[in-house]
Q: 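Structure below; questions to follow.
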Amino acid sequence: MNTEETQRNQQNLKNKTISGMLWSFVERFGFLSIQFISNIVLARILSPSDFGVMGMIFVFIALSTVMIEGGLGSALIQKRTPTNSDYSTIFFSNLIIAITIYIILLFSAEYIGGFFHQDQLPNLLKVVGVVLIFDSFGIVQNNILIKTLDFKKIARIKITAALFSSIAAIISAYAGLGVWSLVIQNITNSLLRSFFLWIKTSWKPIAVFSKESFKELFGFASKLLAASLLSELYRNFQSVLIGRIFPAKDLGFFTQARQLEQIPVMTLATVVNQVTFPVFSELQNNLDILRNALRKSLKSLIYINFPVMVLLTVIAKPLFLLLFTEKWLPSVPYFQGLCMGFGWLLIVHNTNLNVLKSIGRSDLVLYLEIFKKIIGVGLIFWGIKYGILGIIAALAVNSYLEFFINGFFVGKTVGYGAFKQLKDILPTFILSVTLGFFTYFVFKNIAVDSLLSIVLQSVLFGSTYLFLSYIFKFEAFTIYFNIIKNKLKKQNT
């Protein structure tokens, strides 16, 4: 391949990456915004206990989802040229595993309800569990769209499904169906999403199951499955522990705080997972270009995530008062702790792990997850004696340790380790935290209503952040400024 063709391919990949980032952001932000708005309405109708019970159920749904996908989707994305036989083999594997797990949940539902001391949980779990089967029908189609960076189509599908399922949930809640409205929301969303993936993608499975294909892909995927399952177990272990030890309403407060915190965090985290992994996989044979792509991705992502987490921490109380009313105020310290202790580094963790996956080091990803989660569980057992805030503090400590552990191995493999990353993200960290303290103390003794307080603090924080970014010539500011300028230039020509 000559130099001109190489440059053309790199520019094409860059354009597709930028477009993919934008549409992936639209998809996650749109999806989570719709869920966020519906959650506001539902939180005013339903009780914290209703959300707590569903939080218990989704511990098992989340774990089951990881087992069904099994890392095989990531194996398809990482493989440079997967065949139709590969896709069909994974499709039937997902479907068989989904049906098997659903049957297991059916027979385990009574025992799970007894564990949490919730009489209505078994029936809820038996019904909502069908989302596992519905989801399995669309996993391969979704992975194909991710591999081809067609995030525009993904955005339309998921936002449409979220909109109609949220409307169904709100109507059900007003009709007096209580916690069952949340079940209806999840089933409707899953069914519509898979339906749209089938009619909007050209790929359809063929009657093939290749043992050779499965063996090849599972060799890579098995380690990612173990790592993902371990990560999901660790994440949901917190909810299990809270649901077992504390009243359901306390788990409801924690769940509500986590759901709100995840709107910005998971928007960016999903963008990272969906876009950077296939892009990094394309660059796996050129470490210099991969290292530069990692550095720019990291600086661009934390430039958004850090200030958002700090601002949400500052405006947490008026935000909960405005959105959920006073009955949800116990969620505020949980929300603040999750934002500052866990949420703002998640983007960095995901980006680093995607680099390791893209170069085929799924074994290293697994070993890292085992090591980090052993430390994390130990910290949680230490923190539980201080209540739910103690658990959140344990999550924070583990997250900071994870940054250096991940960074060490990324440094060994691609030459961009923890201290180089820290040097690049430290200016954004310092600016964000400094402006957070400044904004808090400016408005500390100013008595205004919740909406006005949120608007004024956000305007002060945001405008000052952008101004100082321009003054100090932040690289990420320049990157976003040039993207916006080029987009506007194209529209005017």
Side-chain angles (χ1 to χ4, degrees), residues 23-24 26-28 30-32 34-35 38 54 57-58 60-77 82 84 86-106 124-169 172 180-209 221 225 228 232 266 270 273-274:
W23 277 108
S24 186
V26 168
E27 178 260 307
R28 290 314 301 171
F31 173 79
L32 291 173
I34 291 169
Q35 281 201 327
S38 68
M54 288 302 294
I57 288 173
F58 272 93
F60 299 93
I61 299 299
L63 290 173
S64 300
T65 300
V66 171
M67 294 177 67
I68 293 166
E69 202 279 337
L72 292 169
S74 296
L76 288 173
I77 295 171
N84 200 20
D86 292 331
Y87 287 126
S88 295
T89 298
I90 300 310
F91 174 83
F92 289 114
S93 298
N94 291 336
L95 184 57
I96 292 169
I97 296 171
I99 294 172
T100 303
I101 291 177
Y102 177 62
I103 292 172
I104 293 172
L105 288 179
L106 282 179
L124 293 168
L125 179 56
K126 290 175 183 177
V127 176
V128 80
V130 297
V131 302
L132 301 175
I133 298 174
F134 293 155
D135 285 346
S136 69
F137 277 95
I139 292 174
V140 170
Q141 287 88 339
N142 190 66
N143 283 322
I144 290 173
L145 294 178
I146 291 173
K147 187 171 181 62
T148 57
L149 301 180
D150 193 353
F151 294 101
K152 183 177 182 179
K153 191 171 289 184
I154 294 176
R156 289 174 173 173
I157 290 170
K158 292 189 175 181
I159 289 174
T160 303
L163 178 61
F164 283 103
S165 62
S166 295
I167 292 172
S172 301
W180 285 98
S181 59
L182 299 175
V183 174
I184 290 170
Q185 181 180 31
N186 284 279
I187 292 176
T188 306
N189 182 60
S190 176
L191 181 60
L192 289 176
R193 188 170 62 242
S194 291
F195 173 74
F196 289 137
L197 282 168
W198 268 75
I199 65 174
K200 293 295 183 181
T201 54
S202 59
W203 180 85
K204 298 296 181 292
I206 57 175
V208 170
F209 187 93
L225 167 60
S228 299
E232 200 65 36
M266 293 310 295
T270 304
N273 288 332
Q274 287 187 338

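Just so you know, residue 1 is the first one in the sequence shown, and it goes up from there. Keep in mind the model is a prediction, meaning the values are calculated, not measured.
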Q: If you measure from CZ on F91 to CD1 on I144, what distance do you get to the nearest 0.5 Å?
A: 10.5 Å
Q: Is the shortest heavy-atom distance from the side chain of P205 to the side chain of V140 under 4.5 Å?
A: no
Q: I need the minimum non-hydrogen distance between L197 and G138, along with the two atoms involved.
A: CD1-O, 3.4 Å
Q: Of all the heavy-atom pairs spanning A98 and L132, show the shortest one and how long it is.
A: CB-O, 3.6 Å
Q: Who are the side chain to side chain contact (heavy atoms under 4.5 Å, CB included) partners of I96, not counting sequence neighbours?
A: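 Counting only residues at least two positions away or on another chain, I96 forms a side chain to side chain contact (heavy atoms under 4.5 Å, CB included) with T100.
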Q: Quick check: does any side chain N or O of K204 sit under 3.5 Å from a backbone N or O of W198, one acting as donor and the other as acceptor?
A: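 Yes, the answer is positive, given that a donor and an acceptor are paired below the 3.5 Å cut-off.
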Q: Tell me whether S88 contacts the main-chain N or O of V208 through its side chain, where contact means a donor paired with an acceptor under 3.5 Å.
A: no
Q: Show me the pairs that pass salt bridge (charged side-chain N to carboxylate O under 4.0 Å, His left out) and involve residues 131-140, at least two apart or across chains.
A: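 Pairs touching residues 131-140 that pass the test: D135-R193.
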Q: Are side-chain heavy atoms of F209 and S93 found at a separation under 4.5 Å?
A: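 In contact.
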Q: Does CZ in F164 sit with more than 12 non-hydrogen atoms of other residues, nucleotides or ligands closer than 6.0 Å?
A: no
Q: For F195, does the CZ atom sit with more than 12 other heavy atoms under 6.0 Å from it, leaving out its own atoms?
A: no
Q: What's the spacing between T160 OG1 and N189 CG if we round to 0.5 Å?
A: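 Output value for this atom pair is 10.5 Å.
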Q: I'd like to check the side chain to side chain donor-acceptor pair (under 3.5 Å) partners of W203; sequence neighbours left out, ordered by chain and number.
A: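 W203 satisfies side chain to side chain donor-acceptor pair (under 3.5 Å) with N84 only.
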Q: Whether the side chain of S165 engages the backbone of A162 through a donor-acceptor N/O pair (distance < 3.5 Å, no angle test) should be reported.
A: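 Looks like yes, one N/O pair under 3.5 Å.
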Q: Checking N186 now: which residues fulfil side chain to side chain donor-acceptor pair (under 3.5 Å) with it, not counting sequence neighbours?
A: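 Testing N186 for side chain to side chain donor-acceptor pair (under 3.5 Å), a comparison that skips the adjacent residues, returns none.
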Q: Are D86 and I90 packed together at the side-chain level, in the sense that at least one heavy-atom pair is separated by less than 4.5 angstrom?
A: no
Q: Find the distance between CH2 (W180) and CD1 (I187) and round it off to the nearest 0.5 Å.
A: 8.0 Å
Q: Taking only residues two or more places apart in sequence, or in another chain, which ones meet S181 in a side chain to side chain contact (heavy atoms under 4.5 Å, CB included)?
A: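 In terms of side chain to side chain contact (heavy atoms under 4.5 Å, CB included), with neighbours along the sequence ignored, S181 is linked to L42, L46, S172, A173.
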Q: With rounding to the nearest 0.5 angstrom, report the CD1 to CZ distance, I199 to F196.
A: 6.0 Å
Q: Do the non-hydrogen side-chain atoms of L125 and I61 ever get within less than 4.5 Å of each other?
A: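 Yes. Closest side-chain heavy atoms under 4.5 Å.
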Q: Take N94 and F137, measure what side-chain contact (heavy atoms from CB on, under 4.5 Å) needs, and give me the verdict at the end.
A: CA-CA 8 Å; N94 291 336; F137 277 95; over 6 Å; no
Q: Please report the interatomic distance CG(L182) to CG(L124), rounded to the nearest 0.5 Å.
A: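 That separation rounds to 9.0 Å.
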Q: List the atom of S38, the atom of Q185, and the distance in Å for their closest heavy-atom pair.
A: OG-NE2, 3.3 Å
Q: Any pair with a residue in residues 87-100 that passes salt bridge (charged side-chain N to carboxylate O under 4.0 Å, His left out), sequence neighbours left out, goes on the list, sorted by first then second residue, please.
A: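 Every candidate salt bridge (charged side-chain N to carboxylate O under 4.0 Å, His left out) pair involving residues 87-100 fails, so no pair, neighbours aside, qualifies.
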Q: Working to the nearest 0.5 Å, report the span between CZ of F92 and CD1 of I206.
A: 8.5 Å
Q: Would you find a donor on one side and an acceptor on the other, under 3.5 Å apart, between the side chain of K153 and the backbone of L145?
A: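 Checked: no pair found.
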Q: Is K126 atom NZ crowded by more than 12 heavy atoms from other residues, nucleotides or ligands, each under 6.0 Å away?
A: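 More than 12 within 6.0 Å, yes.
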